[in-house]
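To start, the structure itself, in structure tokens.
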Amino acid sequence: MNSNELISIHVEGKPMQVPADSTGFKLFTEKNIVALRVNGELKDLSYLLADGDSVEGVALESADGLNILRHSAAHVLAQAVQTINHEAKLGIGPPIRDGFYYDFDVDRPFTPEDLKALEKEMERIIRSGQRFIRRVSSEGEAALELAGEPYKLELIGLKSGSSDVGEASVEVGVGELTIYENFDAKEGVVVWKDLCRGPHLPNTRMIGNGFALTRVAAAYWRGNELNKQLQRIYGTAWPTKEELKAHQVQLEEAAKRDHRRLGAELDLFSFPEEIGSGLAVFHPRGGIIRKVMEDYSRKRHEESGYEFVYSPHVTKANLFETSGHLEWYAEGMFPPLKLDEEIDEDGNVKRQAQDYYLKPMNCPFHCLIYKSQARSYRDLPLRMFEFGTVYRYEKSGVLHGITRARGFTQDDAHLYVARESIEVELTNVLNFVLELLRDYGLTDFYLELSTKEEGNPKFVGDNDIWVEATETLERVATNSGLQLVPDPGGAAFYGPKISVQAKDAIGRTWQMSTIQLDFNLPERFDLEYTAPDGTKQRPVMIHRALFGSIERFFGVLTEHYAGHFPPWLAPVQVVGVPVAVEFSPYLHGIATELRASGVRIQIDDSDERMQKKIRNHTMAKVPYMLIAGAEDQSQGAVSFRFRDGTQINGIPREEAVARILRDIAEKVQV
RNA sequence: GCCGACCUGGCGCAAUUGGUAGCGCAUCGCACUUGUAAUGCGAGGGUUAGGGGUUCGAGUCCCCUGGUCGGCCCCA
């Protein structure tokens, strides 16, 4: 090619003429530009520019740049693994949030010591400054080259077919098949290669020292339980060591908020081994928080037109046969209790056993309540609410403190509504849910709309009601003004839903409330009502839970507040600390007054030194301390100490009392 | 459920190559009676998750069961 020839391109939106043999290296000399975006597609810096290209630089610290960094780190990890263990077979190695992983098929799982050795080897590779070189390959050539890599071969095979490659898209994307070679310029040889669509950093040295290997775990090949488990190594990678450190500090902060840890530290709940996995007991302090949460929820439900119902924890099988749960959900249920079987002397069954099941859901019971009498359109909407405790046989590996348990209590409501009033009812429910979540201190939300997958026969109900309901849900969600994220195909087979995602204090997203339409259960239970024109009509059912489960919500709030529950929820709201015993009666006087208004206050009369008392109650995360000595008592005042360590001395006691009562009533955080 | 790691007084941790269980906090008692995050002294508390095995001897090695943690799969 003649290098005197010029081509016309756009760089960062500006037209430019460059020699025809130019690459990204020519255009971007800034050190932090690690790749290109050419006509919308990510490319290596070594990309040879073509006439008409529109080019932008990808900075290392941008989202794309970080992905490239992390993906390149994954390659270096894989090279390190294969350097140490020649037998290791490669799975896939994509970038993920904050880092990357790579899967390997190895005889022996990796140990923490292996990780240390691998980090060392990675450092060596990074320092040796290998270049990542892209090479286009035909399927046949690639298959030959990667003959020793069965998993890569499978991916090449997939690519030629039309099947979904899922996470493996980092290896074999759309377009041509490419192999990335790690070229050691000093030695002048290709030291390693991997099937990969790229792009990569120009050089391993750019990975720098902001990376770390974090953990090993098993993962099913291509995410399928039926496939072999590979050994996955997770790592984290950042542009600088400082950012790595900051990330590690953040993880530590998150760990301090872990509700399992705080649950023990603050004496809120425990999981006694004697009871069984995933089954919690709430201690008095946790019990208070939970009770306050429930009381407030109850009050708000009452005000909003819900009626309270109760249902038993066990039921005969046939209820769940009717509802269909036994058909498609038996795996998730505790096995049945077999009752009342009678066997004669010859061992023949005289009377068949009755199967009783612990309930995994409340809705079938509510349907029976609906059915207990003939319903008229005048009864609708019928809103039934229950704190219903349910039991689900979650797989042992998924249990997680109080947020994923085998027994938990849903704040469950079922609304039976006429088809024409779905919109009004949904609007009310969504507003109610959001308002209540805000009261509990979650304020940052977005909504997810889960809809039917077109053409999938598993979805029940007429298409027109799906269309109508989905449009209604969308309208309601849009009207809320919150961001709406579509989740196509995510609907349950019986109806579409909106779920409320809430962000906590450190930015993590939790799926909280769900509002779900159900066209199936009314059908199965043959629910109907008499319409104004005298015809029998089928109601639509709305399932909705705000907390999802009280336990889970409790856990989320614990982490959100890092155990610093706002005064209205705090197990102990105020502790009085007398400077010396003689001032205790004075504080008890204030306590009596506050107690009369329902405040949970304790006076610390133990014979610890007051400094120790302050430390104790600070660590117990008590919102307020009232400290009183001679000075305060003579002035009818107290010293007001807040959770963050600040204090105001000499506050008149009426003022302190008023402040506490106001904070509690207004549910403020302090 | 799968893979791996782990389980020592209420909690957090120790215990060289297997050699006969310690520390801090908490608890209890005594003294101290204190002005904003740990007063001092003393005492009690563990058949090392449970069971089995190897060994002269097991917290330490092996097996089973239970539980926990990190992932994977799952979450109607």
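Labels below follow one simple rule: chain letters A, B, ... track the order of the sequence lines, proteins then strands, and each chain is numbered from 1. Heavy-atom basis, side chains included; hydrogens, waters and symmetry copies ignored.
Computed from coordinates, the A:Asn227 CG to B:C72 P distance equals 16 Å when rounded to whole Å. Taking atom CD1 on A:Ile275 and atom C1' on B:U68, their separation rounds to 15 Å, with Å as the unit. Taking atom CH2 of residue A:Trp221 and atom C1' of nucleotide B:C72, one finds them 14 Å apart after rounding to whole Å. Following rounding to the nearest Å, A:Phe269 (CZ) and B:G10 (P) show an atom-to-atom distance of 20 Å. Between A:Met619 atom CE and B:A26 atom P the separation is 8 Å, expressed in whole Å. For the pair A:Leu213 CG and B:G71 C1', the computed distance is 15 Å after rounding to whole Å. Separating the CG atom of A:Leu115 from the C1' atom of B:G71 is a distance of 13 Å, rounded to the nearest angstrom. If you take CD of A:Glu273 and P of B:U8, they are 11 Å apart, rounded to a whole angstrom.
Of the two residues near RNA chain B, A:Asn224 and A:Gly401, the one whose nearest nucleotide lies more 5' is A:Gly401. Projected onto RNA chain B by closest heavy-atom contact, A:Arg641 and A:Lys395 fall at different nucleotides, the more 5' of which corresponds to A:Arg641.
A donor and an acceptor atom sit less than 3.5 Å apart, one in the side chain of A:Asp632 and one in the base of B:G35. Residue-to-nucleotide contacts include no donor-acceptor pair under 3.5 Å from the side chain of A:Glu394 to the base of B:C75. Counting atom types as modelled, A:Arg404 pairs a side-chain N or O with a base atom of B:C74 as donor and acceptor under 3.5 Å. Contact of A:Arg609 with B:U39 (side chain to base): no donor-acceptor pair of N or O atoms is detected under 3.5 Å.
Both distances falling under 3.5 Å, in either a Watson-Crick or a G-U wobble arrangement, occur for no nucleotide opposite B:U16. Within the shown strands, B:U65 is the pairing partner of B:A49 under the Watson-Crick or G-U definition, both distances less than 3.5 Å. Look at B:U55: it lacks any Watson-Crick or wobble partner with both distances under 3.5 angstrom. Under the Watson-Crick and G-U wobble criteria, each requiring two contacts below 3.5 Å, nucleotide B:G1 is paired to B:C72. Under the Watson-Crick or G-U wobble criterion, with both distances below 3.5 Å, B:A21 has no partner in any strand shown. The pairing partner recorded for B:U27 is B:A43, the criterion being a Watson-Crick or G-U wobble arrangement whose two distances lie under 3.5 angstrom.
For the residue pair A:Leu546 and A:Ser513, the shortest heavy atom distance occurs at O-OG, 2.7 Å. A:His366 and A:Asp412 get closest at one heavy-atom pair: CE1-O, 4.4 Å. Closest approach of A:Val572 to A:Val622, counting heavy atoms only: O-CG1, 3.8 Å.
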Determine whether A:Gln511 and A:Arg552 satisfy the following criterion, side chain to side chain donor-acceptor pair (under 3.5 Å), listing intermediate values before the conclusion. CA-CA 10 Å; A:Gln511 175 172 327; A:Arg552 188 177 124 87; over 6 Å; no
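Side chain of A:Met610, nearest nucleotide from B:C73, B:U34, B:G71: B:U34. Residue A:Glu608 has its side chain nearest to B:U39 when only B:G70, B:G71, B:U39 are considered. Comparing B:G1, B:U36, B:C73 by their nearest atom to the side chain of A:Arg406 picks out B:G1. Side-chain atoms of A:Pro109 lie closest to B:G4 of the nucleotides B:G4, B:G70, B:U33.
Cation-pi geometry between A:Arg406 and A:Tyr393 is met: under 6.0 angstrom from the ring centre, within 45 degrees of the axis.
At a threshold of 4.0 Å, the pair A:Lys116-A:Glu119 does not count as salt-bridged, since none of the basic side-chain nitrogens sits closer than that to a carboxylate oxygen. Between A:Glu608 and A:Arg615 there is no salt bridge, since no side-chain nitrogen of the basic residue lies less than 4.0 Å from a carboxylate oxygen of the acidic one. Under a 4.0 Å N-O distance rule, the pair A:Lys228/A:Glu154 does not qualify as a salt bridge.
A distance of about 13 Å separates the P atoms of B:A26 and B:C41, rounded to the whole Å. B:G45 and B:A21 are spaced 14 Å apart, taking the P atom of each and rounding to whole Å. When the P atom is used for both B:U17 and B:G29, the distance is 42 Å, rounded to whole Å. Comparing the P positions of B:A5 and B:U65 gives an interatomic distance of 16 Å, to the nearest angstrom. Distance noted for atom C1' between B:U27 and B:A58: 31 Å (whole Å). One P atom belongs to B:U39, the other to B:G24, and the distance between them is 16 Å to the nearest Å. The gap from the P atom of B:A15 to that of B:U20 amounts to 15 Å, rounded to the nearest Å. Across B:C25 and B:G44, the matching C1' atoms stand 16 Å from one another, rounded to whole Å.
The side chain of A:Tyr220 contributes no N or O atom lying less than 4.0 Å from OP1 or OP2 of B:C74. Under 4.0 angstrom from either OP1 or OP2 of B:G71 there lies no side-chain N or O belonging to A:Arg232. Phosphate proximity of B:C6 to A:Arg215: absent, as no side-chain N or O sits under 4.0 Å from OP1 or OP2. Contact annotation: A:Ser639 side-chain N/O to B:G35 OP1/OP2 distance is not under 4.0 Å. Proximity of A:Lys612 to the phosphate of B:A26: a side-chain N or O atom is located under 4.0 Å from OP1 or OP2.
No engagement by A:Ala628 is indicated, since no non-hydrogen atom pair under 4.0 Å with the nucleic acid exists. Looking at heavy-atom distances under 4.0 Å, A:Arg260 makes contact with sugar-phosphate atoms alone, never a base. A:Gly332 comes within contact range of no nucleotide atom at all, as no heavy-atom separation falls under 4.0 Å. Counting non-hydrogen atoms under 4.0 angstrom, A:Tyr494 reaches the backbone sugars and phosphates but no base. Residue-level contact check: A:Thr618 touches the bases, meaning some heavy atom is under 4.0 Å from a base atom. Using a 4.0 Å heavy-atom distance criterion, A:Gln611 is classed as a sugar-phosphate-only contact. Looking at heavy-atom distances under 4.0 Å, A:Asp607 makes contact with a base. The residue A:His617 sits apart from the nucleic acid: no heavy atom pair falls under 4.0 Å. Counting any heavy atom pair closer than 4.0 Å across all strands shown, A:Ala218 reaches a base atom. Within the 4.0 angstrom heavy-atom criterion, only backbone atoms of the sugar-phosphate kind lie near A:Tyr234; the bases stay farther away. Using a 4.0 Å heavy-atom cutoff across all strands shown, A:Gln231 reaches sugar-phosphate atoms only and no base atom.
Other residues, nucleotides and ligands contribute more than 12 heavy atoms inside 6.0 Å of the CD atom of A:Glu321. Applying the 6.0 Å contact sphere to CD of A:Glu631 captures no more than 12 heavy atoms from other residues, nucleotides or ligands.
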